[in-house]
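First the structure, in the form of structure tokens, and then the observations on it.
Proteins get letters first, then strands, A, B, ... in listed order; numbering begins at 1 in each.
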There are 2 protein chains.
Amino acid sequence: MATSSAAALWYFESVNLYHILCPHKVKKMGDKHEFIRYKKDDFVYVPEDTASNIYLIVDGRIKIGHYLDDGKEVVSSILTTGEIFGELALAGEDTRRDFAQAMCDAVICPLTIEELKALMFENKELSFKILKLIGLRLMKLERKLELLVFKDARTRVIEFLKDTATWKGQRVGFETMIPTKLTHKDIAALTGTSRQTVTTILNELKEQNLINFDRKKILIRDINNLR
Amino acid sequence: MATSSAAALWYFESVNLYHILCPHKVKKMGDKHEFIRYKKDDFVYVPEDTASNIYLIVDGRIKIGHYLDDGKEVVSSILTTGEIFGELALAGEDTRRDFAQAMCDAVICPLTIEELKALMFENKELSFKILKLIGLRLMKLERKLELLVFKDARTRVIEFLKDTATWKGQRVGFETMIPTKLTHKDIAALTGTSRQTVTTILNELKEQNLINFDRKKILIRDINNLR
DNA sequence: GGGGCCCTGTCGCCCGCGCGACACTATATA
DNA sequence: TATATAGTGTCGCGCGGGCGACAGGGCCCC
């Protein structure tokens with residue numbers, strides 16, 4: 001898959017927005033530097049909230065998603081330390097249409113749009129990084145769309161595993177270990193399949209000795225031979 | 001659908017980027033102002049091209065899409081006069097992963113990234129408009145994803161009709177007329193369904209007197225009662 | 001340590017819709 | 001006006017996978 005690896009490379013380049021942003025903030029705003037703690041399952045924001053901040057994750061895992069008319073939850077992404085969310089506020093979103101929820105106890109650093117815009121005014125590099133960040137989200141979403149719409153459930157789960165391995169996995173020899181407490185239900189919501197299907201597929205893959213997993217981690221035997 | 005109408009409002013605000021951009025360009029660059037003509041089916045760019053321009057559509061219709069591994073074509077969007085494409089170049093995309101193709105004879109105004117960045121440096125408003133434009137694309141894509149993954153074919157086609165009516169339709173009394181030469185195949189590619197299904201659904205809707213159509217236009221009787 | 005709750009695993013039903021096939025009709029080409 | 005070509009309409013088959021149901025296993029909390 002030429003496309004996926006290209007997208008991956010591009011990604012890593014833009015992660016360090018966090019490092020650009022936080023020092024700046026410290027320098028400019030001194031003790032206004034603020035952290036907020038959330039307990040497991042707390043919401044950072046919910047639909048209809050006014051969108052006035054973007055957030056940096058200092059520690060913990062945050063789930064971004066929204067609810068369908070029938071109340072079913074759709075998960076767009078699950079983010080961890082160093083990642084950014086709520087960036088659409090910057091792009092003109094006035095009230096949130098998605099929610100952000102802590103999946104475990106978490107520490108978040110909020111930044112008002114005003115603050116950020118001020119920073120962007122005097123830091124061209126930052127402006128383009130932000131542009132890039134949002135562009136990246138767009139490309140990831142395009143890829144996800146293609147996956148969800150045109151591939152079968154098995155492929156979707158496999159691609160999800162590969163992606164996750166690339167972002168979050170730890171390489172040990174040939175094997176990649178993904179430490180994760182994602183339940184099958186979570187994976188189902190992320191891949192647009194049903195819980196049962198995920199269970200079945202995962203077990204098939206384990207059967208074929210392509211992966212192994214328990215409740216704490218997923219182990220991919222050889223990421224290049226997973227299909 | 002609260003979501004869709006909110007998204008719609010937001011959209012209209014950002015369309016006039018064209019008006020901001022073109023006067024500027026004329027002012028700053030004088031006779032470097034350039035138009036390129038494309039014949040029907042010509043490609044503006046194809047995957048692997050280096051991404052060095054963004055484009056304004058002066059006249060005609062441009063199809064944006066890409067090809068799956070099996071060669072099948074996926075259409076992401078179809079754009080017309082006044083709209084912008086190729087904007088990911090600005091967000092750091094170095095080589096294109098999608099294609100842009102003229103659906104009829106078309107006139108396009110290209111703008112190099114360098115030119116545009118220069119303009120953005122000295123025009124904050126433009127910078128934020130661009131950010132907004134890309135953010136908008138992101139939101140539209142999120143909506144599309146949700147539609148494609150969680151709604152059945154009928155709903156997808158109906159929502160597509162509504163969306164198109166909102167962007168491109170002409171209101172005449174209660175009715176909305178969408179002048180379009182989209183074939184059923186086009187609509188299928190845009191809604192992620194099959195050609196046959198589109199035909200059937202469209203005829204069902206005609207039967208129920210909710211819409212009418214021929215090869216040149218689609219007429220929606222009452223956009224608020226289409227479901 | 002016991003009761004409740006959530007996660008995992010498996011089976012079978014059923015339905016949405018993609019897809020091939022084929023006939024018919026409008027539009028472009030000669 | 002004849003002929004090729006692309007778009008439309010309809011039917012029936014088949015399969016992927018959602019979903020309900022239920023059983024077993026872990027884990028947390030009182």
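If you check D/dT8, D/dA21, C/dC7 against the side chain of B/Arg215, the one that comes closest is D/dT8. Which of C/dT10, C/dG18, D/dT8 sits closest to the side chain of B/Thr183 comes down to D/dT8. Nearest nucleotide to the side chain of B/Asp152, out of C/dC19, C/dC17, D/dT8: C/dC17.
In this model, a side-chain donor or acceptor of A/Arg195 finds a partner on the base of C/dG9 within 3.5 Å. If you check distances only, the side chain of A/Arg156 never reaches the base of D/dG17 with a donor-acceptor pair under 3.5 Å. Judged by distance alone with a 3.5 Å cut-off, no donor-acceptor contact links the side chain of A/Gln196 to the base of C/dG12.
For the OP1/OP2 pair of D/dT8 and a distance below 4.0 Å, the side-chain nitrogens and oxygens of B/Thr199 include no atom meeting the criterion. Side-chain N/O atoms of B/Ser194 include none lying less than 4.0 angstrom from OP1 or OP2 on C/dC19.
At least one side-chain heavy atom of B/Leu133 sits less than 4.5 Å from a side-chain heavy atom of B/Ile84. Within the 4.5 Å cutoff, the side chain of B/Leu88 has heavy atoms near those of the A/Leu138 side chain. Counting heavy atoms from C-beta on, the side chains of B/Lys181 and B/Met103 never come closer than 4.5 Å.
In this structure, the CD atom of B/Glu204 is 12 Å from the P atom of D/dC11, given to the nearest Å. Nucleotide D/dG16 holds its P atom 16 Å from the NZ atom of A/Lys151, rounded to whole Å. The interatomic distance linking A/Lys206 (NZ) with C/dT10 (C1') rounds to 14 Å, in whole Å. Between the CZ atom of B/Arg154 and the P atom of C/dG18 there is a distance of 15 Å, rounded to whole Å. Regarding B/Asp41, its CG atom lies at a distance of 13 Å from the C1' atom of D/dA6, rounded to whole Å. Here D/dG17 presents its P atom at 7 Å from CD1 of A/Ile201, a figure rounded to the nearest Å. Distance NZ (B/Lys185) to C1' (D/dA6): 9 Å, rounded to an integer number of Å. Taking atom CZ of residue A/Phe213 and atom C1' of nucleotide C/dC7, one finds them 12 Å apart after rounding to whole Å.
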Please determine whether side-chain hydrogen bond (donor to acceptor under 3.5 Å, both in side chains) holds for the pair A/His66 and B/Glu146, giving the CA-CA distance in whole Å, both sets of side-chain angles, and the decisive distance to 0.1 Å.
CA-CA 10 Å; A/His66 53 190; B/Glu146 185 173 318; 2.9 Å; yes
Would B/Thr155 and B/Asp152 count as a side-chain hydrogen bond (donor to acceptor under 3.5 Å, both in side chains) here? Give the steps.
CA-CA 6 Å; B/Thr155 312; B/Asp152 62 17; 2.6 Å; yes
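A rotation axis mapping the C1' atoms of four pairs onto the next four is fitted at both ends of the helix from C/dG1-D/dC30 to C/dA30-D/dT1 over five pairs, and the angle between these axes is 50° to 10 degrees.
Map A/Lys216 and B/Asn203 each onto its nearest nucleotide of DNA chain D; the residue landing nearer the 5' end is B/Asn203.
A pairwise comparison of heavy atoms in B/Val44 and B/Tyr38 identifies CG1-OH, 3.7 Å as the closest pair.
Taken to the nearest 0.5 Å, the NZ atom of B/Lys40 stands 9.0 Å off from the CG atom of B/Asp105.
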